[in-house]
Amino acid sequence: MRYFKYTFGVAAMLAVMLACDKDKLLLPTQVENPETEAQTIISGPSNMKLSGTYDLKFRIQWSGVSDRVAKAVVRYEEASGKKEIEVTDFTKDLIIQADQLRGYSFDVHFVAKDGTLSKTVNRTALNKTYLVDYLRDNFELSKEFSKLRVIWANESSTPVTADVAYTTQGKTYNLQVENSTALQDTLETIALTAGKVDFNVRFKDGTGRESVVNTSFVMVDENYVTAAQKSKWIVAVSNQHSADLGASKLFDGITTGDNHWHTNWSPDPAKPETVFPHEVEITLEELISIQGLTLYNRTGGSNDGVKTFDVYVRRKFEDEYEKVASDLVQEMARGGKKSFVIPTTKPIRMVKLVFKDAWPRSGVAGQYAHLAEIDLRGMLE
């Protein structure tokens, strides 16, 4: 019985197959090899960097460009019409010279070696004015003690020549740096004295374009005259007769009432500190460029005070003293004062006066020193 069922099933299947029309038999469809029709797929220039730069230019920097890319196409629009640039060398930045100072929109796409186009990337940027105009409007005139500096920054690679003429005390000086591409440049004046300094500053690029501006700066002295102005001084002397006639008298702001410093009344060669030379050392709180000083004689007593002296300066205690003035001669008269102009020093904090002798008394050379007050003049930073 079981054998009969299987035989009948196979026979039925054969009968169905023989009854089918051959033309209606469904066969598998043949599919062509997909590799024969595939196209190159490349990403768009999303890694490019667009920036506005000086002289109305734009810069496009390329990054991570596939070796399957044949070229890039850059499109933008000027007032005169649409512009298109093709780029094949991606090792160099693309510099685009625009016609106007404004924001621009750029459409960029890649073209593969087989002609396939990437998606288009849009970037916008604002370009910058001419470099020489920018430098004219943005340079810095900076004071450092008794000197002025003209400082400017050049963020581009464009060579720039700067000419600076400045006039002080009726005399004109000229400074120049030529074809510089440094990120920052500085031109420095000579040491200046108080008063107005007039500047003519001119920037010029390699195309002959130039930009000029006139400006001025007023230099102001810092004077140490009053006790308050000298309150942070530290003064040391090589010798003093007593505390009442000691170093503190030289910077208390008092020039009357016979208020003064005096060395030992009885000089003794066996005690070198009691004989000439006598020294006065002043330590300031801040750095200053010294330009002058004033000495005041005592208003009472004799007129045989200090006479000839030298001036030394140094920045800090560890430095060696530098002589900046020699054989200056103080006024002889009782109650007299005299101001001295010295060559402008570099920034210092310590001043030393070395008194080498005194005015004679009744024809006899003085053996001791006395002085009422010391003022200083200079320029702070």
Side-chain angles (χ1 to χ4, degrees), residues 39-140 152-163 176-185 200-215:
Q39 289 184 311
T40 303
I41 300 176
I42 57 174
S43 60
S46 57
N47 289 333
M48 75 168 190
K49 180 180 179 182
L50 171 69
S51 58
T53 186
Y54 297 103
D55 300 333
L56 313 186
K57 296 178 181 179
F58 292 92
R59 173 183 283 110
I60 293 181
Q61 297 169 286
W62 308 102
S63 177
V65 178
S66 168
D67 58 6
R68 293 177 294 175
V69 173
K71 64 181 179 180
V73 179
V74 181
R75 295 190 177 106
Y76 65 102
E77 192 168 342
E78 291 280 14
S80 59
K82 295 182 179 180
K83 305 291 182 180
E84 181 175 297
I85 302 173
E86 292 189 354
V87 180
T88 57
D89 185 357
F90 300 105
T91 63
K92 300 178 181 178
D93 294 347
L94 173 63
I95 304 298
I96 302 173
Q97 178 65 65
D99 294 340
Q100 297 175 293
L101 176 64
R102 63 177 175 86
Y104 279 73
S105 177
F106 295 85
D107 289 328
V108 186
H109 68 265
F110 287 146
V111 180
K113 293 176 180 178
D114 65 359
T116 303
L117 305 183
S118 75
K119 69 176 183 179
T120 297
V121 172
N122 177 265
R123 294 283 189 272
T124 59
L126 177 67
N127 57 6
K128 300 179 182 180
T129 186
Y130 291 102
L131 177 61
V132 291
D133 293 342
Y134 172 83
L135 296 179
R136 175 201 63 199
D137 296 337
N138 292 277
F139 77 89
E140 177 184 357
W152 66 95
N154 182 0
E155 300 173 359
S156 74
S157 57
T158 303
V160 172
T161 295
D163 290 290
Q176 184 188 68
V177 59
E178 191 171 8
N179 294 325
S180 174
T181 57
L183 288 176
Q184 179 172 295
D185 269 309
N200 175 273
V201 182
R202 183 184 306 267
F203 294 101
K204 183 167 59 177
D205 64 20
T207 68
R209 182 182 296 276
E210 64 179 43
S211 196
V212 184
V213 65
N214 294 311
T215 187

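Keep in mind the model is a prediction, meaning the values are calculated, not measured. The basis for the numbers below is simple: all heavy atoms, side chains too, and nothing from hydrogens, waters or symmetry mates.
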task: Apply side-chain contact (heavy atoms from CB on, under 4.5 Å) to Thr158 and list each qualifying residue two or more places apart in sequence or on a separate chain.
output: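 With sequence neighbours excluded, Thr158 shows a side-chain contact (heavy atoms from CB on, under 4.5 Å) to Asp55, Leu131, Ser156, Asp205, given in chain and number order.
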- request: Report yes or no: do Thr181 and Asn154 form a side-chain donor-acceptor pair below 3.5 Å?
  value: no
task: For the residue pair Asp133 and Ser211, confirm or rule out a side-chain donor-acceptor distance under 3.5 Å.
output: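 A donor-acceptor contact under 3.5 Å links the two side chains.
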- request: Go through Thr53 and Asn127 one step at a time and tell me if the side-chain contact (heavy atoms from CB on, under 4.5 Å) criterion holds.
  value: CA-CA 5 Å; Thr53 186; Asn127 57 6; over 6 Å; no
field: Derivation and outcome, side-chain contact (heavy atoms from CB on, under 4.5 Å), residues Phe139 and Val213
entry: CA-CA 10 Å; Phe139 77 89; Val213 65; 3.5 Å; yes
Identify the heavy atoms of [X] and [Y] that sit nearest to each other, and give their distance.
X      : Y      : answer
Arg102 : Leu126 : C-CD1, 3.1 Å
Val121 : Pro45  : CG2-CD, 3.7 Å
Tyr76  : Gln97  : OH-O, 4.3 Å
Lys113 : Val69  : CE-O, 4.1 Å
Thr129 : Leu101 : N-CD1, 3.6 Å
Leu56  : Asp99  : CD1-O, 4.0 Å

Note, Ile85 side chain near Leu94 side chain (heavy atom, < 4.5 Å): yes
field: Validation row: Glu84, Lys82 side chains within 4.5 angstrom (heavy atoms)
entry: no
field: Verdict with supporting geometry, Glu78 and Lys83, salt bridge (charged side-chain N to carboxylate O under 4.0 Å, His left out)
entry: CA-CA 7 Å; Glu78 291 280 14; Lys83 305 291 182 180; over 6 Å; no
- request: Identify, with sequence neighbours excluded, every residue that meets salt bridge (charged side-chain N to carboxylate O under 4.0 Å, His left out) alongside Glu155.
  value: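 Glu155: salt bridge (charged side-chain N to carboxylate O under 4.0 Å, His left out) contacts with Lys128.
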field: Trp62 vs Asn47, side-chain contact (heavy atoms from CB on, under 4.5 Å): CA-CA, chis, key distance, verdict
entry: CA-CA 7 Å; Trp62 308 102; Asn47 289 333; over 6 Å; no
- prompt: Any idea how Phe90 and Phe110 line up, ring-wise: parallel (<30°), tilted (30 to 60°), or perpendicular (>60°)?
  reply: perpendicular
Interatomic spacing from [atom1] in [X] to [atom2] in [Y] - rounded to 0.5 Å:
X      : Y      : atom1 : atom2 : result
Asp163 : Arg202 : CG    : CZ    : 7.0 Å
Lys49  : Asp93  : NZ    : CG    : 10.0 Å
Thr161 : Lys204 : OG1   : NZ    : 6.5 Å
Arg59  : Lys57  : CZ    : NZ    : 9.0 Å
Arg123 : Ser105 : CZ    : OG    : 10.5 Å
Ile96  : Leu50  : CD1   : CG    : 7.0 Å

message: For Tyr104, give me all partners under ring pair (Phe, Tyr, Trp, His ring centres under 6.0 Å), at least two apart in sequence or on another chain.
response: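 Here the qualifying residues are Phe58.
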query: When you look at Ser180 and Asp185, which way does the side-chain hydrogen bond (donor to acceptor under 3.5 Å, both in side chains) test go after all the steps?
result: CA-CA 8 Å; Ser180 174; Asp185 269 309; 2.4 Å; yes
Polar side-chain atom of Arg75 near backbone of His109 as donor-acceptor pair, under 3.5 Å: no
task: Could you check Met48 against Val108 for side-chain contact (heavy atoms from CB on, under 4.5 Å), going step by step and ending with a plain yes or no?
output: CA-CA 9 Å; Met48 75 168 190; Val108 186; 3.5 Å; yes
query: Does Arg209 make a cation-pi contact with Tyr130 (under 6.0 Å, within 45 degrees of the axis)?
result: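 So Arg209 does make the cation-pi contact.
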